[in-house]
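The next block holds one structure in the form of structure tokens; read it before the comments.
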Amino acid sequence: MKNLSVSNLEMVYELPKGGSVHALSDVSFDLQAGRLLTLLGPSGCGKTTLLNIAAGFLAPTSGTVTLGGEPITGPGQERGMVFQQGALFEWQNVSQNVSFGPRMNRKKKSETAVIVEDLLATVGLRGFGDKAVYELSGGMQQRVALARCLANDPEVILMDEPLGALDALTREKMQGLILKLWQETGKTIILVTHSVEEALFLGDRLFVMAPRPGRIEREYELPFAKVGLSVDPRELKASPEFIEKREELLSMIWDMEEQIMGHEDGTS
Amino acid sequence: MKESPPSVDALPAGLRKFPRFGRRGTQSRKTVTFGDASEVTTSKVWAVVSLGGLLVLWWYLTRGPEPILDEKTFPSPVVIWDAFVEWWQDGYRRTSAWEHASASLSRVLKGMVIGTVIGIPVGFAMGLSRIMRGIFDPIVELFRPIPPLALLPLFIMWFGIGEESKVNLLVWASVWVMIIAARSGVLGVSGSKVHAAYSLGANKWQILRYVIMPNALPEVFTGVRVALGVSWGTLIAAELIGAEKGLGTTIYIASRFFRMDIVFVNIIIIGVIGASMEMIMRFLEARLIPWRGKG
């Protein structure tokens, strides 16, 4: 198992019309293998930028991200990605989507078939292998995306608002699935979300990020994700501890949004 | 009685004055239908009425010993049917109808195949590389708007009056369409699909083969459809100007001998073949690219 280490990360986007955006400023943290980190913050706080740097899709202006001591310089299959939506290959059926990684690695067909069957069962899609992905509901599509990502057995899974496009009920169910996958596989997960409740419920560690410049504002160690599967999630989310944290985070983010608005009024 | 939403058929006989025209099959309970595009499907009944009406009108305008339209320049449908049978069985000027039609069709197919084989790789290169885009963009933008027929005199001088000039003209007519279709197919691939594939361990070649190519297929197919239509129109016009065989040639020669019936038969056949090509392409598209528009 490999730890993820981020040190002194800076990201400055030069704008085409001059000027620049300071998307990340001096971001450093260590993430032990097997932890589930959620990133929360208003738009423009750099959380997706951070995720894309960890995925290797973006090179930082300065600073480094390492996984197990190895610097990240590009995308790699030890770091799986789950996107919000639209990243499935609609010209392939469910099984072909899930087996994409093993096929690219030229794994044996028999081995791949076993992996696909196992994963479809894990994400609750047994018997859906031959379906076209566009025939599935949004929630089922995200199950396929999770299974596809797990098929390569990555060290780290990076999720960019994976449940952002789902309705409230499906979203709650899928939160349960993510917790289950996390606990059963012991993978390291970084999950970006806009939802305070989701960040609290899923995050075994939580960063609240702030914009201008993008940075880690507060850090939390949370108890909810560890017990999330053994208790009723609705009850957990209605518990005083959970509500207290939720309100704290909400008001923090609310203040940030207010500041941004004020800032924009001042400059325009 | 069956439990079903009340329909016109369930009304008492006295109220059922009119048969259910048009909206057959839709059991819609919508109260707002005017302006709702999903409610406007092709009424098959009215399609038949429209086509039949046209035929009857034509027959009416050309009937009798003193028809409203001059029978020399606008023959009646009956005359044209006879001409069709004659043309189909005996041919015109010692060449069978099938030979004329297949001469035209094979020119289009040759032109399309070559145009596609050149156009797709160029379009892909333009979609994938800045340098290729820089090299080909001005060429495509400069040559694409030129109507192919404007080049026919040049092509005849360069490649002669025979097959070569016509096939090359159709290559020209289709290649720009195919380049643009392939390019936009490549550019239409979403970043997250490419990113997902890289994260799943795909290399550049695999990204091209398993992500970009299937993703571009619907656009390429549309390109083939458009190019086929453009080629067909261009070819017929080119044949009017000069060829040994072909549907356009037949029109030209028949008009010189004032055989308006043969002219009409050929025009109708050109239309039917054009429409059939479109229909075959749509059928293939539904079969080969069921995911179209569902990404």
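Contact annotation for Q85(A): only backbone heavy atoms (N, CA, C, O) come within less than 4.5 Å of a heavy atom of chain B. For L158(A), no part lies under 4.5 angstrom from a heavy atom of chain B. For P218(B), no part lies under 4.5 angstrom from a heavy atom of chain A.
The local environment of CG in L142(B) is crowded, with over 12 non-hydrogen atoms from other residues, nucleotides or ligands closer than 6.0 Å. Counted within 6.0 Å of NZ on K180(A), heavy atoms from surrounding residues, nucleotides or ligands total more than 12; the atom is thus considered enclosed. Applying the 6.0 Å contact sphere to CE of M279(B) captures no more than 12 heavy atoms from other residues, nucleotides or ligands. Crowding of E70(A) atom CD: a count of heavy atoms from other residues, nucleotides or ligands under 6.0 Å not exceeding 12. Crowding of M132(B) atom CE: a count of heavy atoms from other residues, nucleotides or ligands under 6.0 Å not exceeding 12.
Of the listed residues (F57(A), W91(A), F89(A), Y134(A)), the greatest number of heavy-atom pairs within a distance under 4.5 Å of chain B belongs to W91(A). Contacts with chain B were tallied for R79(A), R148(A), R103(A); R148(A) has the most, counting heavy-atom pairs under 4.5 Å.
Sequence neighbours left out, not one pair with a member in residues 102-131 of chain B passes ring pair (Phe, Tyr, Trp, His ring centres under 6.0 Å). Listed by first and then second residue, the salt bridge (Lys or Arg N to Asp or Glu O under 4.0 Å) pairs involving residues 122-137 of chain B are D137(B)-R183(B) (not counting sequence neighbours). Evaluation of the ring pair (Phe, Tyr, Trp, His ring centres under 6.0 Å) test over residues 63-87 of chain A, restricted to residues two or more places apart or in two chains, returns none.
Rounding to the nearest 0.5 angstrom, the gap separating the CD atom in E90(A) from the CG atom in N215(B) is 6.0 Å.
Of all residues in residues 193-200 of chain B, those placing a non-hydrogen atom less than 4.5 angstrom from a non-hydrogen atom of chain A are K193(B), H195(B), A196(B), A197(B), Y198(B), S199(B), L200(B).
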Checking F100(A) against V211(B) for the side-chain contact (heavy atoms from CB on, under 4.5 Å) test, could you report, in this order, the C-alpha distance in whole Å, the side-chain angles of both residues, the deciding distance, and whether it holds?
CA-CA 11 Å; F100(A) 189 86; V211(B) 182; 4.2 Å; yes

